[in-house]
Protein chains: 2
Amino acid sequence: MALVNQPRPAGQHTVRRHNSALVLGAVVESPGMSRAGVAARTGLAKATVSSLVDRLVAAGLLAETGPQARSGRGRRGTGLSLSPSGPHGLGVEIGVDYLATCLVDLTGEVHALRIRPGDNRAASVARVLARVTRAVRTAFADAQRRGVPVGGVGVAVPGLVEAATGLLRVAPNLGWRDVDVRAEVRRRLGLGDLPVLVGNEADFAALAELWCGGHPDLRDFLHVSGEIGIGAGLVVDGTLFRGVRGFGGEIGHVCVDPVGPECACGARGCLERLAGQEWILRAAGVWDGVGPLRPPAALLDELVDRLTAEDGRALRAVRGAGRSLGIGVSAVLNAVDVPTVVLGGSYARLERWLRPSLQNELDRRVVSAAWSRVEVLGATLGTEAAVRGAAGAVLHEIIIDPDPYVSTVLPG
Amino acid sequence: MALVNQPRPAGQHTVRRHNSALVLGAVVESPGMSRAGVAARTGLAKATVSSLVDRLVAAGLLAETGPQARSGRGRRGTGLSLSPSGPHGLGVEIGVDYLATCLVDLTGEVHALRIRPGDNRAASVARVLARVTRAVRTAFADAQRRGVPVGGVGVAVPGLVEAATGLLRVAPNLGWRDVDVRAEVRRRLGLGDLPVLVGNEADFAALAELWCGGHPDLRDFLHVSGEIGIGAGLVVDGTLFRGVRGFGGEIGHVCVDPVGPECACGARGCLERLAGQEWILRAAGVWDGVGPLRPPAALLDELVDRLTAEDGRALRAVRGAGRSLGIGVSAVLNAVDVPTVVLGGSYARLERWLRPSLQNELDRRVVSAAWSRVEVLGATLGTEAAVRGAAGAVLHEIIIDPDPYVSTVLPG
DNA sequence: GTTCTAAGTTCAGTGCCCGAACGATTAGCC
DNA sequence: GGCTAATCGTTCGGGCACTGAACTTAGAAC
């Protein structure tokens, strides 16, 4: 919660703010709970919970779902859950060859997902931002048509974003440098006070897996996504750990083999060169390495086909990538201690074949694996993970600390 | 602050607790400040500050240092600072070949530092713990003689400690496994409710550098200490980042060269084998690599002598170590984004000679270095860093959240 | 229909922060 | 020396948020 690491004085309003989040959090964890249940769970008095719930209902965050179906005697509680007509998160993803937008409601449901293909590498920054503006306008219209408010805009970009400012420092695959995406989006759309979050695509994908993924109770993990580069999102205690300035997760250039092939970064044997999508496809013989890269999805399909058919070359290639990945990831795990690795991006589809050699390296190299094995999981969300995460991040901010949003909705 | 990540209901007492920490924190950052100054700085009302300060003074945490010497008219404020007779932290370090204890007061001053040589590798766990017990008893007596209370005990151990439980999972150089150091110390000393913290030696050393080191405004860094192994302590935003369970910082086995020499861990080319103390001393020709290792301090002296004399072999050895360190550390920095590296342990003395090759690798390999160079600093505390950190950690807990301590001292 | 149990609301009580007013202390100036 | 202005620290009434207990509402069991 924001109110504590910031050295701000606390007053009664702070208490209410904290407890609002507490109540909301209880409902998030156990949807359908009654006011009395929330009181029991949080330790707050019933009177307090009633007062807070009323406020959250008035703001459109919570909704009463009618009397609970419960056996035993006594009055039935009125169920509470996150309101599907409450604020929606508007997510945008600026991909290398597409632009995606979507709306996500408080229950995690995705609406109005739109994906617009188009090479963003070839166009100028201004041109791409104009596209983004149009896409976001359309998404706002979607929200209006559905009659729901937009709680904020989340923008996923394939590059390094400075956490404090929202400044995109560099996006290699887009050819961008020092673009103030947050300010540009704000200015072009005239969003007023609406929150605009800008973050790394891999980080948002990790968060999506945390919030909407298929692994319950997953709170601590390293989400490794193999795309053109290799990005990692570190989630600790249900929170993304971005490092000091937000440039963390760049594991693509961990040294895996000092005498390996040269990398664009100048070093040799970087993880990206030995376990990146491109290398796997080449080593598997799926792609000849010359000419423009065909749509990666198609190539990946072919690779999966060959793996399923137990093609020796493909199997060897993926096994090798798993080994390299194991060496690189174990370095990170030893440094930051996370018990789980989630394979995302294109790795998700290769999980079955990557896992053996990856797990083997992790078992050997991670110090704590001796008494607590590193768990390797496949991501459950597909390519939409990043947009969903971007939209979800907006909602997460509201759920973690609902008072600012409530204040904008309610008078006073 | 503890009260927030834990989903506990907040009440008026929570506000007071938070603001107590706020006031204390303001005085820590600007010793000698007056009540009015604290009010201005924190944003609290003067009345509130007065009330809180009175409480903290009564508990012995703050002390009035008399009227401020200040020019200009108006009544002079009464200076406030951390009380040197307030609670002291009692630090213990269980080293491989020594046992150290000390007392640290709230101002960071070290008292009653005692170092007892003795091989803890040869003795049984119970025997070593008995030694620890005696040493701590003596330190308690030191405190009593000085007439100051002990706020808690911090224990530094050369191994992996599970954060949640204080369980020492493994200490390779001590030959320990699964020792509940916290419970043992509690039981043997009958400490009642007194806080007992157990942590990794490298982590505590990093914290000592943060709290008492010679680099002001150092809040985010990776503290790398070269001893028998290579340990790292990651400090982000003035807080140690231990990872989920506390096993972070094990960078000794990052892969630096897959075709390098074999390591005890089974892998090849681990950082520890290429930049560890032992390897440097051997490559420099200071140690022949056979027979029992002489006291490392003496060997290190010799190495520094040769480096000062510009001995080619020694220079090459250290340069190589710096390069390896750079490869390993850059992997960590890319993953977690920290702008500064502090060279501690035996590396501190070699900083001058390690730095060029280390910095060179970091410049090349750390992605964010392109627009923000990684800073390399030498640690300013010597071998006592870990004990001081252990003692300091106890005090840090009190300063971060003084209310629990205040409650034990004051009635009500 | 009565009784029992649980949910949710109302209300007086308490703790804490805040702003304003007030007493205390010091420098500058006539 | 006495007056003024500025600053520090304390005192006091007011308001806000949580609490516990009493009360109302609602449903099930007998």
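The figures that follow rest on heavy atoms only: side chains count, while hydrogens, waters and symmetry mates do not. Below, read A as the first sequence line, B as the second, and so on, with proteins coming before strands; counting in each chain starts at 1. From a predicted model like this one, the values you see are computed outputs, not experimental measurements.
When rounded to the nearest whole Å, the span between NZ of K46(B) and C1' of dA24(C) equals 12 Å. One can place CZ of R55(A) at 8 Å from P of dA17(D), the figure rounded to the nearest angstrom. Between the C1' atom of dC17(C) and the CZ atom of R17(A) lies a distance of 17 Å, rounded to the nearest Å. Protein atom CZ of R16(A) is 18 Å distant from nucleotide atom P of dC17(C), rounded to whole Å. When rounded to the nearest whole Å, the span between CE of M33(B) and C1' of dG9(D) equals 16 Å. To the nearest angstrom, P of dA17(D) lies 15 Å from NE2 of H18(A). L44(B) has its CG atom 14 Å from the C1' atom of dG19(C), to the nearest Å.
Of the side-chain N and O atoms in S34(B), one or more sit less than 4.0 angstrom from OP1 or OP2 of dG9(D). At least one side-chain nitrogen or oxygen of N19(B) sits closer than 4.0 Å to the OP1 or OP2 atom of dC17(C). Distances shorter than 4.0 Å separate some side-chain N or O of T78(A) from OP1 or OP2 on dG8(C). Residue R35(B) places at least one side-chain N or O closer than 4.0 Å to OP1 or OP2 of dT10(D). Put simply, R76(A) has no side-chain N or O that comes within less than 4.0 Å of OP1 or OP2 on dA6(C). For the pair S50(A) and dG8(C), the criterion of a side-chain N or O lying under 4.0 Å from OP1 or OP2 is not met.
A salt bridge is absent between R146(B) and D105(B); no separation between the charged side-chain nitrogens and carboxylate oxygens falls under 4.0 Å. In this structure, R186(B) does not pair ionically with D193(B), as no charged nitrogen and carboxylate oxygen lie closer than 4.0 Å. Taking the charged nitrogens against the carboxylate oxygens, R35(A) and E64(A) do have a contact shorter than 4.0 Å, which makes a salt bridge. Taking 4.0 Å as the cut-off between side-chain N and carboxylate O, D403(B) and R16(B) do not count as a salt-bridged pair.
In this structure, the nucleotide among dT10(D), dG15(D), dT14(C) sitting nearest to the side chain of Q12(B) is dT14(C). When each of dA17(D), dG20(D), dC16(C) is scored by its nearest atom to the side-chain atoms of V15(A), the top-ranked nucleotide is dA17(D).
Judged by atom type and distance alone, R73(B) does not reach the base of dT7(D) through any side-chain donor-acceptor pair under 3.5 Å. A donor-acceptor contact under 3.5 Å links the side chain of R75(A) to the base of dA7(C).
Ranked by how close their nearest DNA chain D nucleotide is to the 5' end, G79(B) and G74(B) are led by G74(B). Position along DNA chain C of the nearest nucleotide to A10(A) versus D54(A) favours D54(A) as the more 5'-ward residue.
Defined by atom type and a distance below 3.5 Å, a donor-acceptor pair is present between the side-chain atoms of E209(B) and T380(B).
Among the heavy atoms of the strands lying under 4.0 Å from A36(B) are primed sugar atoms or P, OP1, OP2 only; no base atom is included.
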